[in-house]
Amino acid sequence: MTAPHAAPSLPPVARRVFANRTLNLRAIEAVGFDMDYTLIHYRTDAWERRAFEHARERIAKLGWPTESLEFTPQAFTQGLVVDRKLGNVVKANRFGFVVRAMHGTRVLEFEEQRAMYSRVLVDLAEPRWQFMNTLFSLSEACLFAGLADLVDAGKLPTGTSYEDAYAVVRSSLDAAHVEGALKAEIVKEPDRFVELDEELPLALRDLRQAGKKLLVITNSEWEYTRDIMSYTFDRFVPGGWRSLFDLVIVGARKPEFFMGSAPIFEIVDESGLLRPSVGPLREGGVYLGGNARLVEKKLECPGERILYVGDHIFSDVNVTKNLLRWRTALIVRALEDEVHALESFKQKQRDLDALMAEKELLEHASGQLRLRLLRDDGGYGDGVPPAELRRGLSQLRGQLEELDARIAPLAREGVEIVNRSWGPMMRAGNDKSHLARQIERHADVYTSRVANFLYATPFAYLRSPRGSLPHDVV
Ligand code: IMP
Ligand code: MG
């Protein structure tokens with residue numbers, strides 16, 4: 001802890017809470033948390049590898065060859081989009097233009113990508129596209145990419161399309177998640193799969209101490225929630241994990257939880273015994289199913305005073321915000337790596353910006369000279385001999401070429417930081433990525449982990465920055 005009179009300083013950038021829309025934490029009366037990849041952070045490499053392997057076993061049982069399917073989590077990132085129709089994974093910018101694409105396990109050359117996508121826009125409302133909403137999507141992308149290669153090689157049953165292959169990936173992963181074997185492995189050896197964060201329990205205790213009601217609303221089932229939450233919190237919290245929360249809802253079936261009117265059941269003992277629940281929800285109770293309206297009734301506060309924190313862009317923040325007007329916070333763990341990479345590229349980015357400004361100037365001058373030549377051709381020039389104009393133009397061309405040779409390696413480096421194939425998750429070249437646009441639309445605030453609320457404090461007034469516009473005067 002810093003001394004009370006120490007000079008004020010903000011948390012490191014990677015650990016800040018960023019606001020798209022201003023959020024006054026003091027006005028928040030209740031905070032609901034998603035569990036998986038929100039309260040609990042998994043070692044993605046280990047968790048997703050096992051999900052991948054379980055699903056691959058299921059695919060092998062169909063008689064499909066699976067030896068060539070490889071788990072390569074670094075080959076993909078959250079926020080990419082699966083193109084079921086063409087067997088690709090793509091990155092799109094905020095308007096839906098594809099800026100990079102991989103077919104099967106091969107990154108496409110620019111010309112191939114352009115041939116496929118110059119007339120196609122990614123529209124997530126169409127079933128063709130599957131947004132990689134969370135880190136759980138990494139195993140899905142690896143499986144789909146491997147199977148797309150097998151479709152191309154003619155090694156799957158005759159007539160199998162990329163779409164068929166995707167359907168098999170989906171059903172195999174669904175089964176792996178829902179049936180017990182995978183989760184049993186996780187709870188048996190949680191230290192292999194769960195990354196502990198001792199600041200997290202303190203952040204939750206602070207929020208509670210500041211008078212906020214805390215809730216868990218997870219799609220995970222009771223036994224898994226109980227074991228994983230116990231493992232993560234009980235060592236840090238004297239009263240055990242349950243003492244942190246006013247209400248726990250498991251098997252929530254989000255996003256329907258936020259839209260529908262499903263009934264709720266009370267879990268009356270540790271083994272998960274169920275009882276239909278009538279009347280108001282019990283303080284400290286554990287429930288299965290239900291819907292958001294029941295939560296609002298129990299909390300007796302309007303949606304704008306409830307903050308829901310989750311990692312799933314569609315299920316946790318999109319519908320919550322749009323239908324209920326709850327405030328939303330998105331957890332994006334990969335933001336930490338992204339910020340660190342941007343920090344180490346900072347000086348080069350400045351150099352690049354300066355070179356680009358110089359280029360803009362030279363291009364403008366070159367355009368002016370060309371226009372004077374054009375006018376001269378048309379017989380209404382300014383009298384300066386064309387040979388002189390051409391000399392100036394050729395000089396500028398030489399300067400531009402020299403500049404381009406300095407820009408190219410820096411620009412290449414800039415689009416390869418964070419991930420060699422895909423570049424920064426939140427950017428698409430100079431523009432925002434599709435992921436960044438989704439986050440901007442649906443998450444009031446976003447941050448890399450729940451423990452960052454510890455730094456922000458329960459009293460933070462999280463202000464959105466002044467949005468930039470192309471005509472801003474800087
Ligand atoms: P939450 O994030 O706490 O709401 O929980 C997410 C739950 O969804 C976990 O129990 C995951 O095992 C499960 N899950 C994640 N991806 C899939 C999937 O592709 N199919 C089925 N269940 C999934
Ligand atoms: Mg989650």
Side-chain angles (χ1 to χ4, degrees), residues 32-42 44 46-56 58-59 73 76 78 82 84 130-144 166-187 190 193-195 200 215-229 231-233 241 245 247-258 272 286-292 295 308-320 328-334 442-443 446-450:
F33 293 96
D34 163 70
M35 181 176 80
D36 299 288
Y37 281 122
T38 299
L39 288 175
I40 311 284
H41 185 69
Y42 297 113
T44 310
W47 212 109
E48 283 297 286
R49 182 181 296 282
R50 289 308 292 143
F52 172 93
E53 287 165 353
H54 274 265
R56 187 175 55 186
R58 284 169 192 279
I59 297 171
F76 301 100
Q78 192 179 354
V82 172
R84 296 181 211 200
Q130 177 62 46
F131 194 61
M132 291 175 59
N133 276 296
T134 73
L135 292 170
F136 284 127
S137 311
L138 295 180
S139 48
E140 174 181 318
C142 292
L143 287 165
F144 183 57
Y166 183 79
V168 165
V169 170
R170 257 301 6 112
S171 60
S172 313
L173 271 173
D174 279 347
H177 275 270
V178 173
E179 290 170 14
L182 171 61
K183 298 263 177 76
E185 270 180 42
I186 312 291
V187 295
F193 297 100
V194 176
E195 202 179 297
L200 171 63
L215 294 73
V216 177
I217 303 175
T218 173
N219 281 1
S220 276
E221 54 280 19
W222 166 244
E223 286 80 4
Y224 183 71
T225 305
R226 175 195 64 202
D227 292 352
I228 286 293
M229 290 293 280
Y231 170 78
T232 307
F233 287 97
W241 72 275
F245 299 100
L247 195 62
V248 174
I249 297 178
V250 300
R253 302 176 70 90
K254 296 172 288 178
E256 285 83 12
F257 181 86
F258 295 114
V286 180
Y287 292 87
L288 172 89
N291 60 77
V295 171
Y308 189 70
V309 187
D311 67 301
H312 195 296
I313 293 171
F314 183 72
S315 296
D316 291 333
V317 304
N318 180 336
V319 284
T320 322
T328 51
L330 188 78
I331 300 300
V332 191
R333 178 61 76 109
H442 306 301
Y446 64 100
T447 190
S448 65
R449 52 174 94 195
V450 175

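Atoms within a ligand are numbered from 1 in the order they appear, just like the ligands themselves.
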Check your understanding: What atoms in ligand 1 come closer than 4.0 Å to a heavy atom of M35?
Key -> 3 (O)
Point to revise | Pair E179-H54, side chain to side chain donor-acceptor pair (under 3.5 Å): steps then yes or no | key: CA-CA 10 Å; E179 290 170 14; H54 274 265; over 6 Å; no
Practice item. Under 2.8 Å from the Mg ion (ligand 2), how many protein N/O/S atoms do you get? Just the number, please. Key: 3
Review point. Any side-chain heavy atom of I228 sitting closer than 4.5 Å to one from V194?
Key: yes
Exercise for review: Output yes when the distance from some N or O of ligand 1 to some N or O of W47 is under 3.5 Å, and no in every other case.
Suggested key: no
Review point. Is any side-chain heavy atom of L143 less than 4.5 Å from a side-chain heavy atom of S172?
Key: no
Check your understanding: Heavy atom under 4.0 Å from ligand 1: found in K183's side chain, backbone, both, or neither?
Key -> side chain
Check your understanding: Do S220 and D36 pass the side chain to side chain donor-acceptor pair (under 3.5 Å) test, and can you show the C-alpha distance, the side-chain angles, and the key distance before you say yes or no?
Key -> CA-CA 8 Å; S220 276; D36 299 288; 2.6 Å; yes
Review point. Heavy-atom distance under 4.5 Å between the side chains of I186 and W47, does that happen here?
Key: yes
**Study point:** Identity and separation of the nearest protein heavy atom to atom 21 (C) of ligand 1
**Key:** D174 OD1, 3.3 Å
Review point. With atoms numbered from 1 as shown, which atoms in ligand 1 lie under 4.0 angstrom from a non-hydrogen atom of T218?
Key: 1 (P), 3 (O), 4 (O), 5 (O)
**Study point:** Sequence-distant partners of T44, side chain to side chain donor-acceptor pair (under 3.5 Å), two or more places apart
**Key:** none
Check your understanding: Do Y37 and D316 have side chains that get closer than 4.5 Å, going by heavy atoms?
Key -> no
Review point. Quick one: side chain to side chain donor-acceptor pair (under 3.5 Å) partners of N219, sequence neighbours excluded?
Key: none
Check your understanding: Tell me, do F136 and E48 make a side-chain contact under 4.5 Å, heavy atoms counted?
Key -> yes
Practice item. Flag the pair R226 and E223 as a salt bridge only when some basic side-chain nitrogen lies within less than 4.0 angstrom of an acidic carboxylate oxygen. Key: no
Check your understanding: Got the closest protein heavy atom to atom 10 (O) of ligand 1, with its distance?
Key -> S220 OG, 2.6 Å
Exercise for review: Specify side chain, backbone, both or neither for R170, according to which of its non-hydrogen atoms lie closer than 4.0 Å to ligand 1.
Suggested key: side chain
Exercise for review: If you have a sec, work out which protein heavy atom is nearest atom 1 (P) of ligand 1 and how many Å separate them, to one decimal?
Suggested key: D34 OD1, 2.7 Å
Revision key, fill the gap. The closest protein heavy-atom partner of atom 8 (O) of ligand 1 is N219 CB, 4.3 Å
Revision key, fill the gap. Taken in chain and number order and not counting sequence neighbours, the residues that satisfy ring-ring contact (aromatic ring centres under 6.0 Å, His included) with Y446 are F18
Check your understanding: How does H177 reach ligand 1, by side chain, by backbone, by both or by neither, if only non-hydrogen atoms under 4.0 Å count?
Key -> side chain
Point to revise | atom 6 (C) of ligand 1 [closest protein heavy-atom partner, distance rounded to 0.1 Å] | key: D36 OD2, 3.4 Å
